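In the text below, chain A, chain B and the rest are named by the order of the sequence lines, each starting its count at 1. Keep in mind that this is a model prediction, so the values were computed, not measured.
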Number of protein chains: 2
Amino acid sequence: MAQAIPIRKNSPLKASCHECSLSNLCLPLAVEENDLERLEDIVQQGRIFNRGEHIFDQSTPFRSCFAVKSGSIKTSIITEGGEEQVTGFFMPGELVGLDSMSGETYACTAKALERTSVCEFPIEKLEELTGKMPELQHHMYHLMSQEIQNSHQLAMLLSKNTAEERIAALLLSLSSRFQRRRLSPTNFSLPMARNDIANFLGLAVETVSRVFTRFQNQGLIRARGREVELLDVEALQTVTREFSRQGCQ
Amino acid sequence: MAQAIPIRKNSPLKASCHECSLSNLCLPLAVEENDLERLEDIVQQGRIFNRGEHIFDQSTPFRSCFAVKSGSIKTSIITEGGEEQVTGFFMPGELVGLDSMSGETYACTAKALERTSVCEFPIEKLEELTGKMPELQHHMYHLMSQEIQNSHQLAMLLSKNTAEERIAALLLSLSSRFQRRRLSPTNFSLPMARNDIANFLGLAVETVSRVFTRFQNQGLIRARGREVELLDVEALQTVTREFSRQGCQ
DNA sequence: CGACACCTTGAGAGTCGTCAATTGGTGTGG
DNA sequence: CCACACCAATTGACGACTCTCAAGGTGTCG
């Protein structure tokens with residue numbers, strides 16, 4: 001069991017939703033001071049995980065949802081056969097654990113892909129709070145609904161698209177998520193290994209690798225290890241839509 | 001636009017959550033009379049759709065979630081290219097529209113696969129009600145979370161499993177959903193066409209057809225058109241797990 | 001510098017999609 | 001009542017994308 005981290009009683013952490021640069025992404029609230037404070041009351045901030053550490057584990061009791069403050073998280077399901085299936089990547093401002101709200105235990109395992117800090121929302125307190133704050137409740141519905149849609153999009157990608165289309169879509173998704181945080185949308189470092197990408201997209205590692213080099217040869221991207229530069233975003237967007245046409249060259 | 005269906009003011013419909021055989025599936029509540037009545041107050045019951053009719057359309061304003069009373073519903077997304085992607089099948093007792101709670105418009109189109117009756121939950125009233133009833137709110141979280149998990153399961157199926165495994169999984173899923181309604185889990189009629197199955201599972205129609213006949217030849221099922229009989233449920237379950245082993249057969 | 005994990009590249013095989021033709025069931029109209 | 005059209009489902013042949021297996025390359029950390 002993880003050593004309990006002592007929570008400072010009157011810590012400066014408590015006030016930081018106010019200052020958090022992600023407050024508009026994570027659980028945005030009307031700018032009423034009052035509301036934000038009530039949220040801060042239940043949040044446990046500043047938990048930090050090193051690369052590879054687990055934020056929570058599949059089949060252990062479900063206690064909290066987590067918002068990513070910095071770093072990134074990979075969620076995955078371990079099947080009976082022991083195989084891993086990556087179900088998502090979570091970047092700063094995104095909420096992890098929404099898929100676990102239907103059972104006593106976590107539905108997946110969450111692992112830090114790099115040094116990652118999170119805010120913890122104990123589920124009981126969160127539910128209690130959303131019961132009192134219609135806007136917060138609405139936002140929870142919004143987030144969960146969004147997650148369903150994302151998952152449907154992923155299913156579409158997996159069921160209908162080629163390896164190139166899947167990878168182009170992932171790159172563009174990451175790009176727009178970096179952009180949302182006011183980081184460069186064309187020049188970033190992948191937080192996950194090729195293996196994770198392959199697993200997530202339902203491909204073999206070798207295929208991912210081949211597509212990366214193919215994209216590079218076509219001048220769409222420049223990639224060195226995890227460093228990626230998108231050279232031709234439009235072309236990538238075309239790739240993701242290409243499958244609906246007939247004769248791709 | 002659909003002609004508004006006149007709602008009878010003091011209709012006998014209003015009381016029927018009490019009598020609905022699906023009340024334990026749809027939005028189960030503690031057996032407090034009071035609670036159930038408040039739910040009934042906001043539900044519009046008894047809307048009936050013929051086969052092929054749309055319950056709602058993608059990109060039209062999102063107003064309500066719908067519970068299936070009888071019949072069945074197919075949801076699908078139409079891509080920019082005009083392609084259809086089936087995202088789910090909904091049977092009696094299941095709630096449709098949860099993926100649309102994050103936007104102004106429906107995220108998908110819902111179509112009746114047969115003559116289907118539904119209960120309508122106007123979203124504004126539902127949110128208002130869940131704000132007052134912690135148990136109902138909890139159940140909404142539960143349902144949405146479940147939907148996320150289902151979608152992840154689907155993504156897993158699509159990304160890692162063969163055609164046989166996908167179809168076996170679908171048959172077993174339908175089986176258990178029939179069973180939950182106290183219908184035969186081994187002898188039922190598919191509400192959807194082969195085409196829909198194929199689309200949903202990311203396969204070609206021809207492949208679905210081939211797998212059906214293969215299963216039939218192996219004595220796992222008996223199928224004539226949409227009538228299906230599961231002859232060897234255990235074998236089907238084995239098929240769905242088979243992929244995690246090495247040498248199948 | 002060596003061990004190790006990660007990534008890349010190559011060759012061959014298999015599953016499934018595409019194209020095409022046939023069958024079966026259903027509804028319409030003569 | 002039968003003929004025809006139409007659509008859903010089936011079956012076969014071929015081709016392609018991607019997986020598997022195998023080896024080589026690159027980077028990192030002790």
Side-chain angles (χ1 to χ4, degrees), chain A residues 50-52 74 83-86 111 113-115 157-168 189-218 221-228 239 242-249, chain B residues 50-52 74 83-86 113-114 157-168 170 189-217 221-228 239 242-249:
Chain A
N50 287 316
R51 173 185 173 144
K74 166 185 96 172
E83 301 236 330
E84 179 181 24
Q85 162 71 22
V86 176
K111 196 172 178 177
L113 287 170
E114 53 197 314
R115 193 171 170 80
L157 208 61
L158 295 173
S159 75
K160 294 229 186 331
N161 296 28
T162 67
E164 297 199 352
E165 287 153 3
R166 298 183 204 182
I167 291 176
S189 158
L190 299 172
M192 72 292 279
R194 296 282 189 278
N195 217 343
D196 293 326
I197 295 179
N199 188 309
F200 180 63
L201 295 178
L203 300 169
V205 198
E206 296 92 328
T207 306
V208 174
S209 199
R210 278 187 254 269
V211 172
F212 266 83
T213 55
R214 215 176 302 160
F215 279 171
Q216 188 149 229
N217 292 338
Q218 294 170 347
I221 67 172
R222 246 168 49 87
R224 258 193 75 75
R226 297 194 176 183
E227 293 303 320
V228 174
V239 171
E242 202 66 32
F243 80 100
S244 54
R245 317 263 159 75
Q246 38 266 54
C248 348
Q249 46 163 333
Chain B
N50 287 316
R51 173 186 173 141
K74 166 184 96 173
E83 302 236 329
E84 179 181 22
Q85 162 70 24
V86 176
L113 288 170
E114 53 196 314
L157 208 62
L158 295 173
S159 75
K160 294 230 185 331
N161 296 28
T162 66
E164 297 199 351
E165 288 153 3
R166 298 183 205 182
I167 291 177
L170 177 63
S189 156
L190 299 172
M192 72 293 279
R194 295 282 190 278
N195 216 344
D196 293 326
I197 296 179
N199 189 309
F200 180 62
L201 295 178
L203 299 169
V205 198
E206 295 92 329
T207 305
V208 174
S209 201
R210 278 187 255 269
V211 172
F212 266 82
T213 53
R214 215 176 303 160
F215 279 172
Q216 189 151 226
N217 293 337
I221 66 171
R222 245 169 51 86
R224 258 194 76 73
R226 296 195 176 184
E227 294 303 319
V228 173
V239 172
E242 203 67 31
F243 81 101
S244 53
R245 318 263 160 76
Q246 36 266 56
C248 339
Q249 52 157 338

Next on the checklist: Expressed as a whole number of angstroms, how long is the span from A:M192:CE to C:dC6:P?
Outcome noted: 15 Å

Checklist entry - Where do B:E164 and B:R214 land on the side-chain contact (heavy atoms from CB on, under 4.5 Å) test, with the steps shown first? => result CA-CA 9 Å; B:E164 297 199 351; B:R214 215 176 303 160; 2.6 Å; yes

Checklist entry - Side chain of A:A163: nearest nucleotide among C:dC16, D:dA9, D:dT18? => result D:dT18

Checklist entry - How long is the line joining CG of B:N199 and C1' of D:dA9, in whole Å? => result 16 Å

Checklist entry - Looking only at heavy atoms, which two atoms of A:R166 and A:L157 are closest? And how far apart? => result NE-O, 3.6 Å

Next on the checklist: Using a 4.0 Å heavy-atom cut-off, does A:R226 contact any base of the nucleic acid, only the sugar-phosphate backbone, or nothing at all?
Outcome noted: sugar-phosphate

Item to check | Length of the line joining B:D196:CG and D:dA9:C1', which is rounded to integer Å | outcome: 13 Å

Next on the checklist: If you only use heavy atoms from C-beta on, which nucleotide in D:dG27, D:dT10, D:dT18 is closest to the side chain of A:R224?
Outcome noted: D:dG27

Next on the checklist: Tell me the interatomic distance from A:L201, atom CG, to D:dC17, atom P, rounded to whole angstroms.
Outcome noted: 18 Å

Checklist entry - Mapping A:T213 and A:S159 to their closest nucleotides on DNA chain C, which lands nearer the 5' end? => result A:T213

Checklist entry - Run the salt bridge (Lys or Arg N to Asp or Glu O under 4.0 Å) check on A:E83 and B:K160 step by step: do they pass? => result CA-CA 10 Å; A:E83 301 236 330; B:K160 294 230 185 331; 5.8 Å; no

Item to check | Spacing between B:F212 atom CZ and D:dT10 atom P, to the nearest angstrom | outcome: 8 Å

Item to check | Test: A:R226 and A:E114 ion pair at under 4.0 Å | outcome: no

Checklist entry - How far does CG of B:N199 sit from CD of B:Q85, to the nearest 0.5 angstrom? => result 5.0 Å

Item to check | Pair assignment for DNA chain D - dot-bracket with | for other-strand partners, Watson-Crick or G-U under 3.5 Å | outcome: ||||||||||||||||||||||||||||||

Checklist entry - For A:N195 and D:dC19, what is the distance between atoms CG and P respectively, to the nearest whole Å? => result 13 Å

Checklist outcome for this item: A:R194 atom CZ is separated from D:dG27 atom P, nearest whole Å, by 13 Å

Item to check | salt_bridge(A:K111, A:E84) N-O dist < 4.0 Å | outcome: no

Item to check | Sugar-phosphate only, base, or nothing, as touched by B:R214 at under 4.0 Å among non-hydrogen atoms | outcome: nothing

Checklist entry - So how far is it from A:E165 CD to A:T162 OG1, rounded to the nearest 0.5 Å? => result 3.5 Å

Next on the checklist: For A:L203 and B:E206, find the nucleotide of DNA chain D closest to each by heavy atoms; which residue's nucleotide sits nearer the 5' end?
Outcome noted: B:E206

Next on the checklist: As a test of reading the structure: which of C:dT9, C:dT8, C:dA20 is closest to the side chain of A:R210, going by heavy atoms?
Outcome noted: C:dT9

Checklist entry - Under 4.0 Å between a side-chain N/O of A:T207 and OP1 or OP2 of D:dC19, yes or no? => result yes

